[in-house]
Amino acid sequence: MDYIVRMIAKDAPVKAMAIQGRALVERARAIHNTMPVATAALGRTLMATSMMGQQLKEKEGSITVRIQGGGPLGSILAVSDSQGNVRGYVQNGAVELPLKGPAKLDVGGAVGTSGSLTVIKDLRMKEPYVGTIPLVSGEIAEDITAYFAESEQIPTACALGVLVDRDLSVAAAGGYLIQLLPGADDDVIDKIEAGIARVGQVTTHLNQGATPEDLLHQVLGDFDLETLETVPVEYRCYCSRERMQNALISMGKQELRALIDEQGRAEMTCQFCDAVHVFEKEELEALLATL
């Protein structure tokens, strides 16, 4: 089962969270039939968005992360609720690129670096919060780190990893998000940086069976950590026939009339879970009558 663990250092102004995300990334891969580099890029984005969603204090809130890097993958979108349940898609999931090194997928090359990362927080207020930064590397974790530093002024360390097996399925996926609270001094920063360097690539540890708790205890080994909560997360789509009906209604009278006349039916596919909702002519006429 996938989950997020949240911890805080009892002896320093540091908070941290880590995620086990193999099942949710594998679910996304199976839905979208992605090739390895797309699986890794989408998986990293989903896990980062899940952790960011879990930080929301508004129960009915949601967070959207959109990455448009100008690379062959096209845009990547992920949406999380406030519990960390997440859904998403990548525009061109069939992209394949040469490896960047031994067993090292070229996620940055596939995503690109000439675009932006946008975070939209819907806190159920009049207007959502929107923050956009230029992409740093397209490797996702570095870009999330830059987002927190630039848009929210929170010093952050983020690491994300997806290990794809030979049969294209997801063997392991996880990562962490470590953030400094006000009052952190250079000694605290030095200890965290040393821990990050000591641990290195998270996929290596995940492949050896490391849990989210293990990751945080290894990176933050110089601190006295307290576990605040452990929360299950999953790939969860909120699409429904009712939502699809509302989308048809939002087209307006003229466009819906044209759709009926030209096609006689509507076949709508959810971009997040690939569920297909078919509306026959009689149903469309009934919707049109409500306008």
Side-chain angles (χ1 to χ4, degrees), residues 3-19 44-45 47-67 78 80-84 86 116-137 139-160 174-200 202 212-231 233:
Y3 65 96
I4 288 173
V5 62
R6 290 176 58 234
M7 295 186 179
I8 194 163
K10 291 193 279 187
D11 52 355
V14 177
K15 65 176 182 177
M17 59 201 316
I19 185 171
R44 291 179 190 181
T45 307
M47 291 188 293
T49 306
S50 175
M51 288 191 285
M52 293 166 75
Q54 229 279 317
Q55 290 182 332
L56 295 175
K57 293 180 174 64
E58 170 56 51
K59 190 178 179 183
E60 299 300 318
S62 67
I63 190 163
T64 301
V65 174
R66 183 188 298 120
I67 297 171
S80 175
D81 62 22
S82 63
Q83 286 79 51
V86 69
S116 60
L117 180 148
T118 299
V119 174
I120 304 167
K121 289 185 182 181
D122 182 357
L123 304 176
R124 288 295 183 261
M125 299 167 75
K126 277 189 177 180
E127 296 291 332
Y129 164 84
V130 182
T132 300
I133 64 155
L135 284 175
V136 175
S137 68
E139 293 283 343
I140 314 299
E142 291 174 33
D143 303 295
I144 294 293
T145 298
Y147 162 77
F148 276 109
E150 293 178 32
S151 287
E152 300 196 13
Q153 289 76 51
I154 302 174
T156 299
C158 179
L160 301 161
Y176 60 75
L177 198 62
I178 298 168
Q179 297 182 314
L180 297 182
L181 300 171
D185 57 23
D186 289 344
D187 180 55
V188 170
I189 295 169
D190 289 344
K191 286 178 179 177
I192 293 173
E193 288 179 345
I196 292 168
R198 184 171 61 244
V199 170
V202 294
E213 292 88 344
D214 294 335
L215 283 178
L216 291 182
H217 280 293
Q218 288 171 21
V219 176
L220 301 174
D222 292 326
F223 301 97
D224 183 12
L225 297 178
E226 177 187 351
T227 299
L228 299 178
E229 65 174 341
T230 301
V231 182
V233 294

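Model, not experiment: these values are computed from the prediction.
Heavy-atom minimum distance, P13 versus P182: CB-O, 3.7 Å. Scanning all heavy atoms of the two residues, the minimum distance from P128 to I120 falls at CB-CG2, 3.9 Å. Nearest heavy atoms, F223 versus K191: CZ-CB, 3.7 Å. V233 and Q83 make their closest contact through CG1-O, 3.5 Å (heavy atoms, listed as atom of the first residue, atom of the second, distance). Between G61 and L56, the shortest heavy-atom contact is C-CD1, 3.9 Å. Among all heavy-atom pairs drawn from T227 and V5, the shortest one is CG2-CG2, 3.8 Å.
Using a 3.5 Å distance cut-off with no hydrogens or angles, the side chains of Y3 and E229 do not pair a donor with an acceptor. Donor-acceptor pairing under 3.5 Å is lacking for the side chains of E213 and Q218.
L180 contributes atom CG, which lies 12.5 Å from atom CZ of F148 (distance to the nearest 0.5 angstrom). Note that CD1 of I63 and OG1 of T49 are 7.0 Å apart. Values are rounded to the nearest 0.5 Å. Atom OG in S62 sits 6.0 Å away from atom CZ in R124 (nearest 0.5 Å). Note: L225 CG to D11 CG = 8.0 Å, rounded to the nearest 0.5 Å.
Results of the side chain to side chain contact (heavy atoms under 4.5 Å, CB included) test with M7 over M17, K15, H217, E226 single out H217 as the only residue that passes. Just one residue in the list I144, D143, T145, L117 forms a side chain to side chain contact (heavy atoms under 4.5 Å, CB included) with V136, and that residue is D143.
In this structure, Q153 places its CD atom where more than 12 heavy-atom neighbours from other residues, nucleotides or ligands lie under 6.0 Å away.
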